[in-house]
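Not measured: the values here are computed from a predicted model. Naming: A, B, ... by sequence-line order, numbering from 1 per chain.
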Amino acid sequence: MDVSELLDGLNDKQRDAVAAPLQNMLVLAGAGSGKTRVLVHRIAWLMQVEQASAYSIFAVTFTNKAAKEMRTRVEEALKAPVGGMWIGTFHGLSHRILRAHHREANLPEAFQILDSDDQLRMIKRLLKAMNIDDKKWPAKQFGWYISAKKDEGLRPKDIQAYDINEQMMLKVYTAYQEACDRAGLVDFAEILLRSFEVLKNNPTLLRHYQQRFAHMLVDEFQDTNTIQYAWLKLLAGDTNSIMIVGDDDQSIYGWRGAKIENIKRFLTDFEAETIRLEQNYRSTATILKASNALIQNNSDRMGKSLWTDGNDGEPISVYAAFNELDEARFVSSKLRSWLNAGNALQDAAILYRSNAQSRVLEEAMLQEGLKYRIYGGMRFFERQEIKDALAYLRLVGNRQDDAAFERVINTPARGIGDKTLSHIRDCARSESLPLWYAAKAIVEQQHLSGRAASVVTKFVELVEHIEDKIGDLTLEEQAKYAIQTSGLMAMYQAEKGEKGRARVENLEELISACGQYELPEDEEFSSPLQGFLAYTSLESGDGQAEEHEDAVQMMTLHSAKGLEFPLVFMVGVEEGMFPSQQSNEESGRLEEERRLCYVGMTRAMEKLYISHAESRRLYGQEKYHSPSRFLREMPEDCIEEIRIKTQVSRPPAAGRFSSSVSHAAFEESGFNLGQHVLHAKFGMGTVINYEGSGAQSRVQVNFDDSGSKWLVTVYARLQAI
DNA sequence: GTAGCGTCCGTTTTT
DNA sequence: CGGACGCTAC
């Protein structure tokens, strides 16, 4: 193939990265600078120019979506499917190593993955058994502690507990790990840590992988945590070349262990060269100028400034809303015009700092008759009914799986109550047996009443029966059989209401998902079922079924990373909301908030609206937030303030008048904003209550005849704040 | 088991 | 304010 084809259409910097010699490299890739393109072309370059075999390529991402996109695009570039190449997520690839070497990892062949929900249940169970008051010691905190320690690569033996609090954490960590090991279960952090340890403790294995993966590539490197860094370093050894792509300005996951300093550490540890991708192909010059100015307020940056050879575009519009309802209405009315102008709703996104903010916006969309799609929330494979069904299948494959056992022992209800269950748990603990075997033992030893013994026996027989029957069935038939025979289907069919109907539908969808599942060819699974179970845990599935309806995209700023939209609204850009209250209190968190703002702004291609509300109902209380400091950090000439001119007139008899009023309109009404005006008559039966003066004026309008309270905001110039 | 009530708490999320 | 969770009374 002609090499030029790989470099055509790339800018100089992109070419430098794609055609770089075999050495360690950092590609500092700004938002919208074509980093995926570079990664994909680099892989093609390695194969076609450096004659690298597909087997020698190892590419890691954080999300399944990114991994999938990379694979498809590599195949497009090479015009052939690529077998043998390892492209996947940190967890996916680590899991693959664990599967291949489960013996060395001290795991049963059919070991299963605990998601965070399973993990929490497991901890709760342990707390009960250990007589720890979960009021005083919330299970969540243990979960957080355990994951954080594992992310740091720390086992209980590596930790010194100096205070009572940490001693308790450590005690539960130890017990939790023992329980997981006994049951053949690994949580997400364990997948990474265990895979790291397997490689580290088996030099032969390590050498094998090091020799194989001569070319390593890592995406979104700024999000790597300690264990991921160590894992990469171990695999890279002294000889392999590794190209990392990342953007320190887009590091927004520090709170869950990501170490932004890993980028700088990489430069020294790996003696790497740096290439900067600063040309942006996404946003207007105005948006970039404002984003650059904002992010310059952070310290310790690697340094990078985005530019475009495109147009300035429109200024960023800043809307000071009266309250959160007004803000939502503003957004919905702008979206209505956008739609009426012949645009697609799906090209627009509303970004907010926290999920709770979506509700008001949702209501406004509903009112305006605009379709919307909210990202986040419960994923398909995380749903209760799905997890119930999967638990049966897990237990069939691995009787040690205590988490699965606990989940289905009395689901559907079969009369196995707390008492029987605690007998089983006691026996399991004293004999160090998995719950399944404890249950069997307890029946044999006749420690149970006749009725309890018979229901437990029934359960044991049920699981064994399912195992007997499904051996020769297809995956789809296996799932169907387990869901039917277990009584889950009947149980959810009996559940009344919309909820029950949805659950039945989901179970049916699970069966059909089993039918559609294709066992990956080049990955070794002991059975299709095991492949499917891993798939459900590692790829929890989309929130909803892919809606092809034209709808506005609503999501948190975090979930917007990596996406782009012609039209973007950033709402709630207020002190206390964004930056969030706690980021202001905890040291070092402010810069991450600023990066989050930077991420949000750089999602916008053509037009960006930023709004903040002067008053907002929060936790049942009215809060008055000032505009976010981030707004002040954007250059004035990039910003246009919007005020909607509204004649102040007598409002309808009921409801809330929450429109805004311009200085002009207010002055026309005979009021001078330069002075305090208290309790003045305004229109028919209106009382004005004017608080404050100058920059942050607030005006309340009370209608004494209806008794309802009206608020009118008087806007001050933003620069004055 | 579960409806109903009271209490508590309140970023961000992927795997 | 409202959702999640746990406890109590059937």
#### Entry: Same-atom distance (C1') from dG2(C) to dT13(B), integer angstrom
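Nearest-Å result for dG2(C) against dT13(B) at atom C1': 22 Å.
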List for me each residue that meets side chain to side chain contact (heavy atoms under 4.5 Å, CB included) alongside [X], sequence neighbours excluded, and say none if there are none.
X: Ser628(A); answer: Val573(A), Glu575(A), Pro579(A), Phe630(A)
X: Ala439(A); answer: Phe405(A), Ile424(A), Val456(A)
X: Asp181(A); answer: Gln177(A), Arg194(A)

Give the rounded distance in Å between these two atoms: [atom1] of [X] and [atom2] of [N].
X: Gln621(A); N: dG2(C); atom1: CD; atom2: C1'; value: 14 Å
X: Glu495(A); N: dG1(B); atom1: CD; atom2: C1'; value: 13 Å
X: Lys140(A); N: dA4(C); atom1: NZ; atom2: P; value: 10 Å
X: Met491(A); N: dG1(B); atom1: CE; atom2: P; value: 12 Å
X: Gln357(A); N: dG2(C); atom1: CD; atom2: P; value: 16 Å

#### Entry: Glu109(A): side-chain hydrogen bond (donor to acceptor under 3.5 Å, both in side chains) partners, not counting sequence neighbours
none
### Query
What pairs with Asp151(A) under side-chain hydrogen bond (donor to acceptor under 3.5 Å, both in side chains), at least two apart in sequence or on another chain?
none
### Task
Heavy atoms under 4.0 Å is the rule here; annotate nucleotides 5-10 of chain C 5' to 3' with B where the base is hit, S where only the sugar-phosphate is, and - elsewhere.
-S----
#### Entry: Contact letters for nucleotides 9-15 of chain B, in which S counts primed atoms plus P, OP1 and OP2 and B counts the base, heavy atoms under 4.0 Å
-BBBBBB
### Query
Which pairs count as side chain to side chain donor-acceptor pair (under 3.5 Å) when at least one residue sits in residues 86-97 of chain A, sequence neighbours excluded?
His95(A)-Arg99(A)
### Message
Considering only residues two or more places apart or on different chains, which pairs with a residue in residues 410-423 of chain A satisfy side chain to side chain donor-acceptor pair (under 3.5 Å)?
### Response
Tyr392(A)-Arg414(A)
### Message
Apply ring pair (Phe, Tyr, Trp, His ring centres under 6.0 Å) to residues Phe90(A) and Phe62(A) and explain how you reach the verdict.
### Response
CA-CA 6 Å; Phe90(A) 279 96; Phe62(A) 274 85; 4.9 Å; yes
### Query
In terms of base orientation, is dT12(B) syn or anti, with the syn window spanning 90° either side of 0?
anti
